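All remarks here apply to the structure that follows.
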Amino acid sequence: MKDDGPAGFDLARLLAERGAERYELHTRHLNHQLPRMLRTLGFDKVYERAEGAYFWDADGNDYLDMLAGFGVMGLGRHHPVVRKALHDVLDASLADLTRFDCQPLPGLLAERLLAHSPHLDRVFFGNSGTEAVETALKFARYATGRRRILYCTHAFHGLTTGSLSVNGESGFRDGFAPLLPDTEIALGDLDALRRELKRGDVAGLVVEPIQGKGVLAAPPGFLRAAQELLHRHKAVLIADEVQTGLGRTGDFYAYQHEEGVEPDLVCVAKALSGGYVPVGATLGKDWIFKRVYSSMDRVLVHSASFGSNAQAMAAGLAVLAVMEDEETVANARRTGDLLRERLAALVGRYELLHEVRGRGLMIGIEFGRPSSLKLRSRWTMLQAARKGLFAQMVVVPLLQRHRILTQVSGDHLEVIKLIPPLVIGEREVDRFVTAFSAVMDDAHDGGGLMWDFGRTLVKQAVANR
């Protein structure tokens with residue numbers, strides 16, 4: 001029976017009474033640097049609600065989301081089909097997570113995922129992208145009998161200890177050694193791959209077809225050639241599609257842009273959740289799974305307490321259904337091409353804007369050293385303090401003046417990454433390009449507020465040294 005009395009739990013009342021304390025609560029009880037960073041940038045907003053590609057504050061102002069929760073919100077926020085699926089699965093009161101039965105939803109979701117990857121045979125469900133990568137690392141090592149995994153410079157595969165061992169960014173690794181004995185190569189360096197494979201101890205190569213940091217794509221032909229080299233040396237290719245998968249780049253998987261590439265293991269997460277229930281999946285070939293789960297004694301040799309839970313599986317099934325019904329992948333390709341073309345047309349107009357790159361709705365906007373003396377002196381000031389400050393100078397007015405949420409694509413990079421919900425259209429493209437042009441006009445005209453904020457960032461960077 002529902003308890004409506006004072007002892008009952010009332011979420012709406014709790015939020016009404018305590019919601020205004022959100023930044024103070026984080027400061028006291030969680031990562032205290034997060035609210036500090038948000039206040040420094042002026043990002044300490046209070047969003048009241050969200051739908052699709054937009055947030056709204058208490059005054060009813062809308063904010064365009066070009067970040068999608070780091071790619072989690074592929075369908076935008078609160079898609080009605082996913083919401084209904086979750087209501088339905090809760091109302092069904094299923095006998096979930098008994099651990100000693102076989103529920104239908106995991107099998108159905110695996111079937112739907114594998115239909116998009118016909119060269120793969122089986123799926124393991126975990127709870128996040130880093131768990132999907134951890135699973136792939138373990139499976140590759142066990143199936144090949146080798147210990148070493150190769151990864152690429154600037155790669156990001158997660159922050160748990162195993163996935164951190166294949167993280168190509170030293171800032172994340174510093175202070176957490178010793179890690180696993182893995183080896184870094186440059187993205188696209190086939191000669192380095194050959195050298196490492198000749199040592200005979202490589203289990204596989206894990207690679208993002210398009211790296212999230214900097215939005216750098218693998219060179220044409222690299223994935224196919226790497227796959228052939230790996231197989232020749234009885235090693236496996238692991239595609240990390242945690243951010244690039246499920247339509248982000250205009251194909252269901254980013255590796256599908258290159259003909260003939262069929263990874264042995266594929267990691268997905270983020271958008272599969274529908275933005276509601278954490279989920280990760282590692283898809284793989286039959287022979288790999290059969291070596292890992294080689295007998296009944298090994299039936300639980302790799303598992304996850306909350307893996308395959310009914311809510312996550314229902315969300316995943318709803319996401320895939322929506323993607324097919326609403327042709328989300330085609331929209332990502334079409335809208336991404338439009339956005340990239342509109343932005344690329346600005347490169348010749350602004351000397352601080354050097355390149356626009358990416359695929360689908362995963363786009364990198366790179367800034368670089370200007371030619372004019374006045375702008376060059378200001379650029380040099382920022383670079384001397386900390387590389388990446390100019391990109392941050394663009395991100396801040398996009399939010400504060402134009403109500404558009406974006407992100408710098410990595411530490412010490414002058415690159416903004418756009419990974420909006422895959423449901424945006426021409427209206428959102430127009431809004432972003434108009435706002436971005438206004439910010440760049442300010443930067444090139446010596447816009448006082450923007451460069452004043454740059455000086456604030458310089459002082460903060462110097463203070464943090």
Side-chain angles (χ1 to χ4, degrees), residues 37 40-42 66-67 152-156 168-171 186-189 210-219 339-359 362-402 404 406-419 432-465:
M37 180 268 288
T40 298
L41 298 178
M66 298 294 281
L67 179 59
C152 295
T153 307
H154 303 307
F156 184 93
E169 172 54 55
S170 61
L187 181 66
D189 192 341
I210 302 178
Q211 291 185 333
K213 181 173 182 179
V215 192
L216 298 170
L339 178 55
R340 196 168 56 255
E341 289 165 8
R342 293 276 303 276
L343 290 170
L346 301 177
V347 171
R349 178 174 163 185
Y350 300 112
E351 57 181 293
L352 283 159
L353 179 58
H354 273 210
E355 185 182 14
V356 177
R357 57 178 176 264
R359 290 194 187 117
M362 185 172 184
I363 296 173
I365 304 172
E366 183 167 10
F367 307 101
R369 188 173 185 264
S371 56
S372 63
L373 181 60
K374 183 177 180 180
L375 288 176
R376 195 164 65 240
S377 64
R378 292 177 170 181
W379 174 267
T380 302
M381 171 194 71
L382 293 175
Q383 297 297 298
R386 196 174 197 275
K387 189 175 180 181
L389 290 186
F390 182 81
Q392 195 66 65
M393 280 173 54
V394 176
V395 164
V396 169
L398 280 173
L399 181 67
Q400 293 184 346
R401 298 184 207 170
H402 302 279
I404 298 176
T406 57
Q407 70 167 127
V408 176
S409 77
D411 205 17
H412 302 289
L413 285 182
E414 296 290 3
V415 181
I416 292 175
K417 180 168 65 175
L418 305 180
I419 46 171
F432 180 81
V433 174
T434 299
F436 180 75
S437 298
V439 172
M440 295 305 291
D441 284 338
D442 286 347
H444 285 75
D445 292 342
L449 289 176
M450 186 170 177
W451 288 102
D452 285 346
F453 178 71
R455 283 187 281 273
T456 300
L457 288 179
V458 168
K459 292 177 182 177
Q460 186 70 43
V462 172
N464 284 337
R465 286 178 176 172

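Only a predicted model underlies this, so the values are computations on that prediction, with no experimental measurement involved.
Checked for salt-bridge contact, D411 and R386 meet the test: a charged N lies under 4.0 Å from a carboxylate O.
Every side chain to side chain donor-acceptor pair (under 3.5 Å) that S372 has, sequence neighbours left out, goes to E351. R357 is linked by a salt bridge (charged side-chain N to carboxylate O under 4.0 Å, His left out) to E355, E366, counting only residues two or more places apart in sequence or in another chain. By the salt bridge (charged side-chain N to carboxylate O under 4.0 Å, His left out) test, R349 is found to be paired with D441, residues two or more places apart in sequence or in another chain being considered. Annotation: side-chain contact (heavy atoms from CB on, under 4.5 Å) contacts of S409 (sequence neighbours excluded): L413, V415, K417. The side chain to side chain donor-acceptor pair (under 3.5 Å) search around S437 returns none, not counting sequence neighbours. Remark: D189 engages A186, D191, A192 in a side-chain contact (heavy atoms from CB on, under 4.5 Å) (not counting sequence neighbours). A search for side-chain contact (heavy atoms from CB on, under 4.5 Å) contacts involving H402 returns I404, A435, A438, V439, not counting sequence neighbours. Every side-chain contact (heavy atoms from CB on, under 4.5 Å) that V395 has, sequence neighbours left out, goes to F43, Q392, T406, V408, I416. For E414, the side chain to side chain donor-acceptor pair (under 3.5 Å) partners are Q383, not counting sequence neighbours.
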M66 vs I419, test: side-chain contact (heavy atoms from CB on, under 4.5 Å). Steps then yes/no. CA-CA 6 Å; M66 298 294 281; I419 46 171; over 6 Å; no
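Between F390 and F367, the ring-plane angle classifies as perpendicular under the 30° and 60° cut-offs.
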